[in-house]
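Here the structure comes first, spelled out in structure tokens, and everything after it is commentary.
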Amino acid sequence: MATTIKPLLTDLVSTVSSVPPNYVRPESDRPKLNEVTFDHSIPLLDLQGLHGPNHSSVIKEIGEACQNYGFFQEFFHLPESERLKNYSDDPMKTTRLSTSFNGKHAQHMAINCYPPCPEPELTYGLPAHADPNVITILLQADVPGLQVLKDGKWTAVSPVPYTFIVNIGDQIQVVSNDRYKSVLHRAVVNCKEERISIPTFYCPSPDAVMRPAPQLIDDDHPPLYRSYSYSEYYQKFWKRGLNAETCLDMFKI
Ligand SMILES: O=C(O)CCC(=O)C(=O)O
Ligand SMILES: [Fe+2]
């Protein structure tokens, strides 16, 4: 029996001069790229300071970024000796990634490839969504495309070399009882260049019970969410698909 292989969008891209109809978003849900602001204020933190005398001021900066933005960028510093350990020019050598910790916690990695798009106004790379997991660490190269909703406006996050983007996911918003924000973000495309981004999603084990941390609850701060298992959350999240309505509302008390 012959099998048909469905072409990927990246395979089609060199042959199309307009967005295929099934990718065109309804007029009410398009990126409106001329309304996007280019704000460079997403905090840029140097986490190396965590290992020195500035430890507590770096912790404070992380806390403020999580409260005010839900997003920050961190410089990564890897000593040359560490970089060399991972380097190989042997094409037969595979790279192994560790994907689970001691319990059933998981670290999922994705590789997003957004081909150039002839009509970037009509579609998204990824539509607006908040991440359902605990925390996401994203590596992007130098092609812009990530946008974050800040004070009701879509704001472009310009790539800064040698940084990861860190964003709070829905589970931290629940555990922090809304002190830290899981922020809506999206990826847009452009007509010139392919963009690649590599997010790593840190996830609790499916049976982990999630709820606001008791230490953050008092008479002035009643719990805002009921307790639930992470698997319940994850299933409800994906049943809706990527969506600008937050899934958190389904777990509010
Ligand atoms: O490509 C990007 O910059 C964003 C990716 C993202 O938000 C995701 O994979 O959840
Ligand atoms: Fe995301």
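Fair warning: this is a prediction, and the values are worked out from it, not measured in the lab. Whatever order the structure lists ligands and atoms in, that order sets their numbers, starting from 1.
Backbone and side-chain nitrogen or oxygen atoms of Gln140 are examined, and none is located within less than 3.5 angstrom of a nitrogen or oxygen of ligand 1.
Within 6.0 Å of CG on Asp142 lie no more than 12 heavy atoms contributed by other residues, nucleotides or ligands. In this structure, Lys236 places its NZ atom where more than 12 heavy-atom neighbours from other residues, nucleotides or ligands lie under 6.0 Å away. The neighbour count for Asn22 CG, taken as heavy atoms of other residues, nucleotides or ligands under 6.0 Å away, is above 12. For Arg211, the CZ atom sits in a loose shell: 12 or fewer heavy atoms of surrounding residues, nucleotides or ligands are nearer than 6.0 Å.
A perpendicular orientation is assigned to the rings of Trp238 and Tyr234, their planes being inclined by more than 60° (bins at 30° and 60°).
Residue Gly145 places no heavy atom under 4.0 Å from ligand 1. At least one heavy atom of Arg195 sits closer than 4.0 Å to an atom of ligand 1.
Less than 4.0 angstrom separates some heavy atom of His185 from each of these atoms of ligand 1: 7 (O). Distances below 4.0 Å separate heavy atoms of Asp131 from the following atoms of ligand 1: 10 (O). Those atoms of ligand 1 with a heavy atom of Pro199 less than 4.0 angstrom away are 9 (O). Those atoms of ligand 1 that come under 4.0 Å of a heavy atom in Leu126, given as number and element, are 5 (C), 6 (C), 7 (O), 8 (C), 9 (O). Under a 4.0 Å criterion applied to the non-hydrogen atoms of Asn112, ligand 1 contributes the atoms 1 (O), 5 (C), 9 (O).
Protein heavy atom nearest atom 10 (O) of ligand 1, with residue, atom name and distance: His129 NE2, 3.1 Å.
Although no hydrogens or angles enter the test, the distance criterion places no donor-acceptor pair under 3.5 Å between the side chain of Arg25 and the main chain of Pro127.
Checked against the 6.0 Å centroid criterion, the rings of Tyr225 and Phe251 do not qualify as a close aromatic pair.
Per residue His129, closest N, O or S atom to the Fe ion (ligand 2): atom name NE2. Nearest N/O/S atom of His185 relative to the Fe ion (ligand 2): this is NE2. When you scan the N, O or S atoms of Asp131 for the one nearest the Fe ion (ligand 2), you land on OD1.
Side-chain contact between Gln140 and Ile165 is present, with at least one heavy-atom pair separated by less than 4.5 Å.
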